[in-house]
Amino acid sequence: MTTAQTQELDVQPTPLALLLLGREADPRSERGVECPGDLPAASDPDLVARARAAKEKLGNKVFVLGHHYQRDEVIQFADVTGDSFKLARDAAARPEAEYIVFCGVHFMAESADILTNDAQKVVLPDLAAGCSMADMATAEQVAECWDVLTEAGVAEQVVPVSYMNSSADIKAFTGRHGGTICTSSNAERALEWAFRQGEKVLFLPDQHLGRNTAVRDMGMSLEDCVVYNPHRPNGGLSAEELSAAKMILWRGHCSVHGRFSLDSVNDVRARIPGVNVLVHPECRHEVVSAADHVGSTEYIIKALEAAPAGSKWAIGTELNLVRRLANRFAPEDKEIVFLDKTVCFCSTMNRIDLPHLVWTLESLAEGTLVNHIQVDKETETYAKLALERMLALP
């Protein structure tokens, strides 16, 4: 891949050590990658039976959450499935469960720890199951950004709005600075609230959701949006640009949804006449503009449930969910395909596999707490404040 191609895809080089996930650690990251204990072999034919036995032994002491993007082999053991915020709320609604096993990624487990009570232990089966988008905004980078906004004389006008797909540190920053959290379902309401509090919004960490909501849903122009690049001095922006902007978008993106292109949309329309293109709002603006329908994972599922028999759909979201929906609705003669020709799973979501889940459940059944996710009290206080502002949105 050329340097120009790398810049076009908006990616940052990955340190070689991090390619060896599970063997090295990055001290600058808020998550570890080591998995203590011996995992059962992936080829073990008894994995399903072992998971069932351990879960049965734990009984009501364990509550297993499964994000929509998880593998089928893991989803079969989930007590509930959903998007990240729904699952965190589901965990909080089960105070009798001593262990919350979150089959998702790190920021989701943090959110569950923030919303559950102190007696509950949130467990992530593989600590290397992170989120590339969440990792694109660190606490140090965002603090530096606020300094830039202060020096430009606009900080007092700015209200931070952070996507649920962010670390606890970023949620806490948002809470400290009078902002709120949003999901892909309520981003418009969150922005409307923010603009009642101030003149500008700092949207973290997904530039595409922020841009799509502001322009597509709220009628702003692309010129109202600027992109803050944490890898450039002053974010690559002048004081004049910051002063003129309404939306200050963090330069972050989802590695899966960012793959979809306008060519993907045009190609699927040429291949499948009459196809409905349905994409997630984390996709690029040109993809969202060319799609027939746009919405969160829950929206995508409900749209397909309501779709007439015989209809054709190209879905722009993570492949595990698309494949599961295609199989589910095949008996109703609904043709459901992945928007892009290239197969693309969420690599960090897929780190939660059956061996890790078996190891986790068997360890808990034996009384050994593993991979406990804990958010420190100060961070939890301010992150919860930001989440509570979201829950109070009209």
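All of these numbers come straight from a predicted model, not from anything done at the bench.
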Spacing of [atom1] belonging to [X] relative to [atom2] belonging to [Y], to within rounding of 0.5 Å:
X	Y	atom1	atom2	value
H231	M136	NE2	CE	8.0 Å
I100	L115	CD1	CG	11.0 Å
L393	R389	CG	CZ	10.5 Å
N327	D72	CG	CG	7.5 Å
R259	S255	CZ	OG	9.0 Å
D126	C103	CG	SG	11.0 Å

[X] vs [Y] side-chain heavy atoms within contact, under 4.5 Å:
X	Y	answer
R50	L361	no
L149	I248	yes
M390	T183	yes
L357	V101	yes
F203	C225	no
L202	C145	yes
D113	E110	no
R71	I352	no

May I ask you to decide whether [X] forms a salt bridge with [Y], counting only side-chain N to carboxylate O separations under 4.0 Å?
X	Y	value
D79	R94	no
R328	E305	yes
K86	D90	yes
D263	K341	no

Check for a donor-acceptor pair, side chain of [X] on one end and backbone N or O of [Y] on the other, with a separation under 3.5 Å.
X	Y	value
K171	T379	no
Q76	E73	yes
Q120	N117	yes
D340	S264	no
N229	G235	no
Q157	V154	no
D333	A309	no
R251	Q207	no
K61	L364	no
D353	H356	yes

So F102 and F107, ring pair (Phe, Tyr, Trp, His ring centres under 6.0 Å) or not? Walk me through it.
-> CA-CA 10 Å; F102 210 126; F107 78 80; 8.6 Å; no
Carefully, step by step, assess D292 and R269 under the rule salt bridge (Lys or Arg N to Asp or Glu O under 4.0 Å).
-> CA-CA 11 Å; D292 300 301; R269 291 199 192 280; 3.1 Å; yes
Please work out which of the three classes, parallel, tilted or perpendicular, describes the rings of [Y] and [X], given edges at 30° and 60°.
X	Y	result
H257	F260	tilted
W250	Y228	parallel
W146	F173	perpendicular

State plainly whether one hydrophobic cluster holds both [X] and [Y], where clusters connect Ile, Leu, Val, Met, Phe, Trp and Tyr through side-chain heavy atoms under 4.5 angstrom apart.
X	Y	value
V337	L304	yes
L242	L204	yes
L385	V375	no
L249	V142	no
L262	I315	no

At their closest point, which heavy atom of [X] faces which heavy atom of [Y], and how far apart are they?
X	Y	result
L39	P355	CD2-O, 4.1 Å
N212	C283	ND2-O, 2.9 Å
I272	E335	CD1-OE2, 3.9 Å
E318	F338	C-CE1, 4.3 Å
A54	A365	O-CB, 4.2 Å
A109	I373	CB-CG1, 3.8 Å

T297 and H280: CA distance, side-chain angles, deciding distance, side chain to side chain contact (heavy atoms under 4.5 Å, CB included) verdict = CA-CA 7 Å; T297 51; H280 195 282; 4.1 Å; yes
Can you list the steps and then say if W359 with N371 is a side chain to side chain contact (heavy atoms under 4.5 Å, CB included)?
-> CA-CA 11 Å; W359 170 74; N371 291 2; 3.6 Å; yes
Short side-chain donor-acceptor distance under 3.5 Å, D224 and S221 |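 The answer is yes; a qualifying pair exists.
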Please indicate whether [X] has more than 12 foreign heavy atoms, meaning atoms of other residues, nucleotides or ligands, lying under 6.0 Å from its [atom1].
X	atom1	answer
E96	CD	yes
Y382	OH	no
E332	CD	yes
N60	CG	no
R196	CZ	yes

Take S132 and D135 through the side chain to side chain donor-acceptor pair (under 3.5 Å) test and state the conclusion after the steps.
-> CA-CA 5 Å; S132 59; D135 289 345; over 6 Å; no
Could you walk me through whether L369 and Y99 pass side chain to side chain contact (heavy atoms under 4.5 Å, CB included), step by step?
-> CA-CA 9 Å; L369 178 62; Y99 304 116; 4.1 Å; yes
When you look at I301 and L321, which way does the side chain to side chain contact (heavy atoms under 4.5 Å, CB included) test go after all the steps?
-> CA-CA 9 Å; I301 294 168; L321 176 60; 4.2 Å; yes
